[in-house]
Amino acid sequence: MSTISTNIPLRADTPLPTVLVVEDEVLIRLVIADYLRDCGYKVHEAVSGDEAVAILQAPEVSIDVVFSDVEMPGDMDGFALARWVRANKPGLQVILTSGVERSADIAATLCEAGPLMRKPYGSQDVVDRIRQLAAKARRS
Amino acid sequence: MNAASVTVLPRRTPPSILVVENDVRIRCLVSDELRAIDFKVLEASSPDEALTVLDAMRIDLVFLAIGPLGSRGGLDVVRLIRARRMPTRIILASDGGAALAGMDADELGLILSKPYRAAQVVEFVIRILSWPEAGT
């Protein structure tokens with residue numbers, strides 16, 4: 001476990017955020033979604049940017065954090081999804097992840113959630129990042 | 001061994017269910033309802049994803065909403081499960097027609113007609129897997 005996770009306590013009365021995991025590699029998506037559920041988060045899954053938008057627009061679903069891969073098939077990659085979120089769901093936090101080095105600079109301009117998470121990432125690192133976001137949201 | 005001495009222990013881990021549905025909102029709804037009664041639920045958006053998951057882990061039941069009329073992809077998942085003699089149970093949701101033509105009825109498993117309700121899926125799954133077990 002990373003040291004960060006021990007430094008960001010969650011208040012017992014604060015509900016955990018609902019996370020949308022957007023990842024086209026099914027086994028990667030299952031692993032991180034499963035881990036987040038085991039940690040107590042409510043998790044929805046999308047395979048592409050288009051699916052993510054469909055979920056985000058669904059009236060029956062409420063999302064707090066989008067955790068998305070950058071490289072995805074289809075018209076909408078992770079950057080385009082982050083831009084869509086900024087324009088249409090401004091209160092929502094986005095965490096981007098990529099295995100491609102050059103993505104980091106672009107991601108920095110699109111996410112308030114700190115630098116891009118490099119792939120392969122540790123599942124606990126994702127939890128730590130979500131906790132950081134939650135803590136930041138409580139302070140603001 | 002005396003048959004009377006055999007004790008059937010209750011299953012400790014919930015069954016795993018793979019929900020294969022290309023409509024993300026329906027997939028999300030069905031998966032959430034199954035998770036609400038403590039099934040372990042994995043999601044796949046296509047037959048290809050389903051085949052990848054089935055290759056990687058043990059799945060107790062596949063709920064497979066096969067594609068539009070004439071699509072064969074979903075049936076490849078059924079064939080793989082049958083060909084490998086996996087113990088995986090199958091529930092299909094289909095609009096019928098060409099996709100199921102020529103398939104052996106015994107091969108297919110239970111079939112729901114599209115459009116289906118999430119509650120119907122939950123009811124079928126509980127019945128097939130006998131979970132939650134009485135008294136749990």
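In what follows, chains are A, B, ... by sequence order, proteins preceding strands, each numbered from 1. Below, all heavy atoms of this structure are taken into account, side chains as well, without hydrogens, waters or symmetry copies.
Placement of L20(A) and V47(A) in two distinct hydrophobic clusters is found when ILVMFWY residues are connected by side-chain heavy-atom separations under 4.5 Å, directly or transitively.
Side-chain contact, Q132(A) with D128(A): no donor N or O sits under 3.5 Å from an acceptor N or O. Looking at E23(A) and S68(A), their side chains never bring a donor and an acceptor atom within 3.5 Å of each other.
Top candidate by heavy-atom pairs under 4.5 Å with chain B, chosen from D50(A), V61(A), L30(A), is L30(A). Interface remark: of the candidates V24(B), D23(B), L29(B), T52(B), V24(B) forms the most heavy-atom pairs closer than 4.5 Å to chain A.
Heavy atoms of D34(A) lying under 4.5 Å from chain B belong exclusively to its side chain. Only the side chain of E60(A) has a heavy atom closer than 4.5 Å to any heavy atom of chain B.
Shown here are the side chain to side chain donor-acceptor pair (under 3.5 Å) partners of D32(B), two or more places apart in sequence or in another chain: K42(A).
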Give the C-alpha distance, both sets of side-chain angles, the deciding distance and a yes or no for salt bridge (charged side-chain N to carboxylate O under 4.0 Å, His left out) between E33(B) and R117(B). CA-CA 11 Å; E33(B) 294 223 3; R117(B) 288 179 294 109; over 6 Å; no
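The aromatic ring centroids of Y121(A) and F67(A) lie less than 6.0 Å from each other.
Among all heavy-atom pairs drawn from D69(A) and M72(A), the shortest one is O-CE, 3.6 Å.
Residues V21(A) and V19(A) are in side-chain contact: their nearest non-hydrogen atoms beyond the backbone lie under 4.5 Å apart.
When the heavy atoms of residues 36-45 of chain B are compared with those of chain A, the residues falling under 4.5 Å are K40(B), V41(B), L42(B), E43(B), A44(B), S45(B), listed by number.
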